[in-house]
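Below is one structure, written out as structure tokens; comments come after it.
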Protein chains: 2
Amino acid sequence: MDERVPRDFETLRTTILERRHSLPKRIAQIAAYALDNPDDIAFGTAASIAASAGVQPSTLIRFAQQLGFDGFTSLQLVFRERLRERNSSYDERLAALRAKAEEGAGHRAIFDGFVAAASTSLNDISGRLNEDHFEDAIALLAKAETIYVLAKRRSYPVASYIAYALGKLKIRNQLIESAAGLNAEMISFASPRDAVIAISFSPYAPAAIEEARVISEQGVPIVAITDSSFSPLAQFAKVWFEVAEADFAGFRSLSATMALAMALTVAVGEKRRDEGRKRKA
Amino acid sequence: MDERVPRDFETLRTTILERRHSLPKRIAQIAAYALDNPDDIAFGTAASIAASAGVQPSTLIRFAQQLGFDGFTSLQLVFRERLRERNSSYDERLAALRAKAEEGAGHRAIFDGFVAAASTSLNDISGRLNEDHFEDAIALLAKAETIYVLAKRRSYPVASYIAYALGKLKIRNQLIESAAGLNAEMISFASPRDAVIAISFSPYAPAAIEEARVISEQGVPIVAITDSSFSPLAQFAKVWFEVAEADFAGFRSLSATMALAMALTVAVGEKRRDEGRKRKA
DNA sequence: GGCAATATGAAATAATAATTCCAATCCATA
DNA sequence: TATGGATTGGAATTATTATTTCATATTGCC
């Protein structure tokens with residue numbers, strides 16, 4: 001292999017863009033395809049890539065050779081390396097933020113720590129959400145007459161947001177608060193035609209668990225957001241989501257829970273609208 | 001291939017972890033290696049992976065088959081798919097998420113949209129926070145006798161979280177709620193030795209603005225979190241933060257506001273503790 | 001401790017994929 | 001428009017890689 005073969009993706013990219021106009025038609029075609037679909041180059045076979053790009057496999061090899069590689073395989077390595085490095089760079093960035101926060105230089109570090117925790121949590125839930133459970137929860141909530149929202153202490157802000165959003169979407173809902181001490185009565189109105197969104201994380205607020213138990217015994221289906229399958233909430237729930245929030249300075253993030261709550265709420269709103277339309281038609 | 005073969009990485013991961021203890025030694029060995037070095041599985045050949053993990057290629061294939069795949073190749077696809085999705089740089093990934101959300105394929109897209117909005121907001125505020133303002137706000141709040149927390153509607157969840165966290169840190173605070181209709185009286189107790197955290201975004205809740213006006217006229221210093229310098233809150237505030245939250249489906253994220261609120265709260269707690277210690281010394 | 005079932009190692013084989021080669025085509029230039 | 005060089009398509013070849021097979025070893029059980 002030549003001495004000045006592009007070893008990293010960025011150099012390769014630049015090289016391709018420079019030579020773009022002096023390349024033969026088919027080679028230019030595969031060059032454009034490569035820059036547009038780098039992932040395909042990284043994972044595909046010569047044949048599959050050639051087919052997607054509308055050229056012959058041999059053209060792909062000629063392209064690689066023009067750039068100084070000794071074949072398609074060596075070119076592909078650069079595209080693969082890119083995926084490896086890019087991937088770690090994000091994690092590294094987060095780790096840096098977190099490290100800066102942990103070495104504890106002043107108040108800025110506190111802020112960085114919370115941003116890092118929130119990002120981590122979002123990142124995590126994004127890959128973890130079980131789509132089937134999500135659909136089940138939406139279906140369950142969409143057909144409820146009234147949606148009860150149950151959460152105490154740290155989770156209460158999420159509940160209050162859900163209540164706000166449901167209100168904006170004109171979906172009947174009832175936040176189970178403790179202010180007036182009338183929770184027991186409020187709960188007794190719930191029927192199996194209603195549904196509950198319950199949120200609680202370890203250490204589980206006893207009141208939340210107790211209310212969830214009572215309401216589930218009345219036959220009201222519960223959608224739970226909690227932190228593990230050992231959660232007492234999980235056993236009362238028809239559907240439950242596991243959300244692992246990162247923490248900083250002993251305060252856990254709420255970002256993932258919040259995102260899930262927003263998505264649930266809006267999805268329920270959308271499903272109701274769709275079904276309302278169907279019923280009319 | 002079996003019907004319930006894990007086809008996404010997370011499911012696969014869970015499945016492996018579940019069966020971990022019932023797997024034969026060498027299979028368990030490759031299983032552990034796979035979870036520790038997912039990138040190697042994605043890129044390597046059966047032979048190279050087997051060598052790195054210290055097993056025979058055939059063991060790798062047996063491992064794949066135990067999981068229900070029909071061979072190493074199908075197992076590898078899952079690991080590759082993961083890299084495609086965890087794709088590239090943070091920004092690109094966000095863009096991908098947002099694009100997926102915008103093309104609007106079902107409920108999953110809604111979830112992706114909210115995660116993307118939250119991530120964007122966090123990313124944004126991370127670079128934007130004015131450190132001097134942050135220090136000023138902390139100083140101001142740390143010396144307050146009582147911290148009043150003022151927010152309505154969409155911002156209310158943030159306020160309720162702040163109140164919860166301040167409580168946990170044993171910092172005297174008062175959430176200005178509308179429930180009992182006694183806000184005016186509550187506000188009249190505030191003195192210049194106290195402080196206010198006020199949060200409001202366009203469209204500003206009239207009650208929040210009005211209460212902020214009254215309380216500032218009483219000489220109580222206000223720390224505001226809002227969305228622009230044109231915000232009516234900004235003019236009443238001693239210190240104010242501009243937070244630009246991304247939105248999805250008409251619902252704006254709260255993640256950046258939340259992170260800032262948490263950081264403020266904890267930083268105030270820390271400053272008070274430090275000063276308490278100094279005073280004793 | 002012996003037997004059967006299960007697991008493992010190593011090499012043979014089958015499958016798949018990359019590369020090469022050559023004929024056909026295209027294109028610029030005279 | 002004829003000619004030579006460059007480019008391209010497609011099949012043949014070679015290389016690489018996954019998979020299968022079978023002999024051997026290990027483990028659990030009576």
Let me know the distance between [atom1] of [X] and [atom2] of [N], rounded to the nearest Å.
X     : N      : atom1 : atom2 : answer
B:R26 : D:dA25 : CZ    : P     : 15 Å
B:Q29 : C:dT8  : CD    : C1'   : 11 Å
A:I30 : C:dA18 : CD1   : P     : 12 Å
A:F69 : C:dA18 : CZ    : P     : 16 Å
A:L75 : C:dA18 : CG    : C1'   : 13 Å
A:F63 : C:dT19 : CZ    : P     : 14 Å

Please name the pair of heavy atoms, one in [X] and one in [Y], separated by the smallest distance, quoted to 0.1 Å.
X      : Y      : result
A:L169 : A:T265 : CD1-O, 3.6 Å
B:F63  : B:A34  : CE2-CB, 4.3 Å
B:L129 : A:R108 : O-NH1, 3.7 Å

**Message:** For residues 25-45 of chain B, which residue pairs pass the ring-ring contact (aromatic ring centres under 6.0 Å, His included) check, not counting sequence neighbours?
**Reply:**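 Residue pairs with at least one partner in residues 25-45 of chain B: A:F43-B:F43.
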**Fill in**
Heavy-atom contacts, protein to nucleotides 13-23 of chain D, under 4.0 Å, summarised as B (base), S (sugar-phosphate only) or - (none) per nt, yield ----SSBBB--
**Asked** Does a nitrogen or oxygen in the side chain of B:Q56 sit under 4.0 Å from OP1 or OP2 of C:dA10?
**Response**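 The answer is yes; a side-chain N or O of B:Q56 sits under 4.0 Å from OP1 or OP2.
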**Test: A:D39 and A:R82 ion pair at under 4.0 Å** =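 A salt bridge is present here (some side-chain N lies under 4.0 Å from a carboxylate O).
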**Request:** Assign B:I27 to base, sugar-phosphate, or nothing according to its heavy-atom contacts below 4.0 angstrom with the strands shown.
**Result:** sugar-phosphate
**Request:** Verify the distance criterion only: is there a donor paired with an acceptor across the side chains of B:R26 and B:Q29 at less than 3.5 Å?
**Result:** yes
